[in-house]
Undergrad: 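Dumping the structure here so I can ask a few things about it.
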There are 2 protein chains.
Amino acid sequence: MGKQTNPPVCEIECVHADKVDELRPVVSALGGVGEFVTNLADDTRFKVLYALSQSELCVCDVAAVVGVTSAAASYHLRLLYRTGLVDYRRDGRLVYYRLADEALRPVLEAIRTYLSR
Amino acid sequence: MGKQTNPPVCEIECVHADKVDELRPVVSALGGVGEFVTNLADDTRFKVLYALSQSELCVCDVAAVVGVTSAAASYHLRLLYRTGLVDYRRDGRLVYYRLADEALRPVLEAIRTYLSR
DNA sequence: CAAATACTCAAGCGTCTGCTTGAGTGTATG
DNA sequence: CATACACTCAAGCAGACGCTTGAGTATTTG
């Protein structure tokens with residue numbers, strides 16, 4: 001028989017190995033993308049970030065703007081805080097969240113621009 | 001009884017209703033974000049897109065650059081094709097993928113800039 | 001100090017999704 | 001025409017993830 005039905009698909013670089021060799025380091029340098037991109041990934045989280053890029057907001061307001069429960073908003077805000085994308089300050093009973101890094105703004109704007117293309 | 005342990009958390013806009021009323025329509029106008037952001041979301045898919053923004057590549061090359069099997073690369077490329085982010089051309093046995101929309105490039109660049117901040 | 005409020009936390013659920021696997025398609029080659 | 005190759009497809013699985021729920025914390029208020 002010797003019927004190799006399914007070889008490992010393609011083990012070597014098929015076409016220009018030069019291009020591959022050139023791009024591979026660049027792309028793997030993007031390694032840390034993970035946390036950041038993953039956070040942008042989610043619909044709700046992107047909306048939260050975009051809202052915060054427009055104005056500092058408390059959890060309830062974020063929930064109202066985005067259209068989820070406060071618990072859900074809190075869940076996402078905590079996630080974003082843990083990955084350093086947002087920061088907060090406490091004022092009495094209220095907790096106000098804001099973008100942690102101004103560098104985020106152009107990214108959000110670039111995406112919004114693309115979306116309204 | 002009568003112990004309301006867990007009311008729906010916060011049913012009304014707690015703070016500035018004006019801000020909320022202002023932002024809500026803007027944010028829900030982002031509604032269609034879904035497909036696009038979700039596609040950017042994934043680590044692998046972002047790398048694929050970034051690689052394609054640098055050069056047209058066949059599936060095997062994408063796989064080699066990004067570091068996944070050809071089947072996995074094909075899976076992501078098909079996904080990206082179905083949402084209109086990439087396009088392809090066939091040349092003999094090889095299938096070359098490329099960005100479908102130049103408007104994507106600034107978005108990818110904005111993210112990369114942020115990442116190398 | 002007790003009650004109310006704004007939020008956080010941890011556990012759990014249902015769902016989604018990235019990747020594998022094995023088969024199938026289209027193209028080139030001997 | 002048979003074989004090899006590059007890629008696609010569909011099914012399936014394991015792990016991840018969004019959101020809910022109910023309890024817990026910090027702060028204000030009567």
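Bear in mind that the values here come from a model prediction, so they are computed numbers and not experimental data. Order of the sequence lines sets the chain letters (A, B, ...), proteins ahead of strands, with each chain counted from 1.
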Undergrad: Below the 4.0 Å mark, does dA6(C) have OP1 or OP2 next to a side-chain nitrogen or oxygen of Ser74(A)?
TA: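 Negative; the distance criterion is not met.
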Undergrad: Measure the distance from CZ on Arg89(A) to P on dA6(C) and round it to the nearest whole Å.
TA: 16 Å
Undergrad: Nearest whole angstrom, please: distance from the P of dC5(D) to the CZ of Arg90(B).
TA: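 One finds 16 Å between P of dC5(D) and CZ of Arg90(B), rounded.
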Undergrad: Would you mind reading off the distance between Arg78(A) atom CZ and dA6(C) atom C1', rounded to a whole angstrom?
TA: 15 Å
Undergrad: For Tyr97(A), which contact category applies under a 4.0 Å heavy-atom criterion: base, sugar-phosphate, or nothing?
TA: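 If one applies the 4.0 Å heavy-atom cut-off, Tyr97(A) turns out to touch the sugar-phosphate alone, with no base involved.
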Undergrad: When you measure from the side chain of Cys58(A), which nucleotide among dC7(C), dA6(C), dT21(C) comes out closest?
TA: dC7(C)
Undergrad: Output one line per pair: protein atom, nucleotide atom from nucleotides 11-18 of chain D, and distance, for all N/O pairs under 3.5 Å.
TA:
from: dG18(D); atom 1: OP1; to: Arg45(A); atom 2: NH1; distance (Å): 2.9
from: dG18(D); atom 1: OP1; to: Arg45(A); atom 2: NH2; distance (Å): 2.9
from: dG18(D); atom 1: OP2; to: Arg45(A); atom 2: NH1; distance (Å): 3.3
from: dG18(D); atom 1: OP2; to: Tyr75(A); atom 2: OH; distance (Å): 2.7
from: dG18(D); atom 1: N7; to: Tyr75(A); atom 2: OH; distance (Å): 3.4

Undergrad: Exactly one of Val26(B), Val27(B), Asp21(B) should register a side chain to side chain contact (heavy atoms under 4.5 Å, CB included) with Arg24(B). Which one does?
TA: Asp21(B)
Undergrad: Quiz question: by atom type and distance under 3.5 Å, do the side chains of Arg98(B) and Tyr88(B) form a donor-acceptor pair?
TA: no
Undergrad: Rounded to whole Å, how long is the line connecting atom CG of Leu94(A) with atom P of dT27(D)?
TA: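 Taking CG of Leu94(A) and P of dT27(D), I get 12 Å after rounding.
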Undergrad: What is the distance from CZ of Arg93(A) to P of dA4(C), rounded to the nearest Å?
TA: 12 Å
Undergrad: So, for Leu40(A) and Ile111(A), which heavy atoms are closest and what is the spacing to 0.1 Å?
TA: CD2-CD1, 3.7 Å
Undergrad: Categorize Tyr88(B) for me: base, sugar-phosphate, or nothing, with a 4.0 angstrom heavy-atom threshold over every strand shown.
TA: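 The answer is nothing, as Tyr88(B) stays clear of every strand by at least 4.0 Å.
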Undergrad: Distance check needed: dA10(C) C1' versus Arg82(A) CZ, whole Å only.
TA: 10 Å
Undergrad: With respect to Tyr97(A), which candidate in Leu57(A), Leu77(A), Val48(A), Leu80(A) satisfies the side chain to side chain contact (heavy atoms under 4.5 Å, CB included) definition?
TA: Leu77(A)
Undergrad: Select from Ala72(A) and Leu77(B) the residue whose nearest nucleotide in DNA chain D is closer to the 5' end of that strand.
TA: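 Closest to the 5' end, via its nearest nucleotide, is Leu77(B).
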Undergrad: Which atom pair, heavy atoms only, marks the closest approach of Gly84(B) to Ala100(B)?
TA: O-CB, 3.4 Å
Undergrad: Nearest whole angstrom, please: distance from the C1' of dC7(C) to the CG of Asp61(A).
TA: 13 Å
Undergrad: Rounded to whole Å, please give me the gap between CG in Asp43(B) and C1' in dC19(C).
TA: 14 Å
Undergrad: Between the side chains of Glu22(B) and Lys19(B), is the shortest nitrogen-to-carboxylate-oxygen separation below 4.0 Å, so that they form an ion pair?
TA: no
Undergrad: Is Tyr50(A) linked to Leu23(B) within one hydrophobic cluster, defined over Ile, Leu, Val, Met, Phe, Trp and Tyr using a side-chain heavy-atom separation of less than 4.5 Å?
TA: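 In one cluster with Tyr50(A): Leu23(B), yes.
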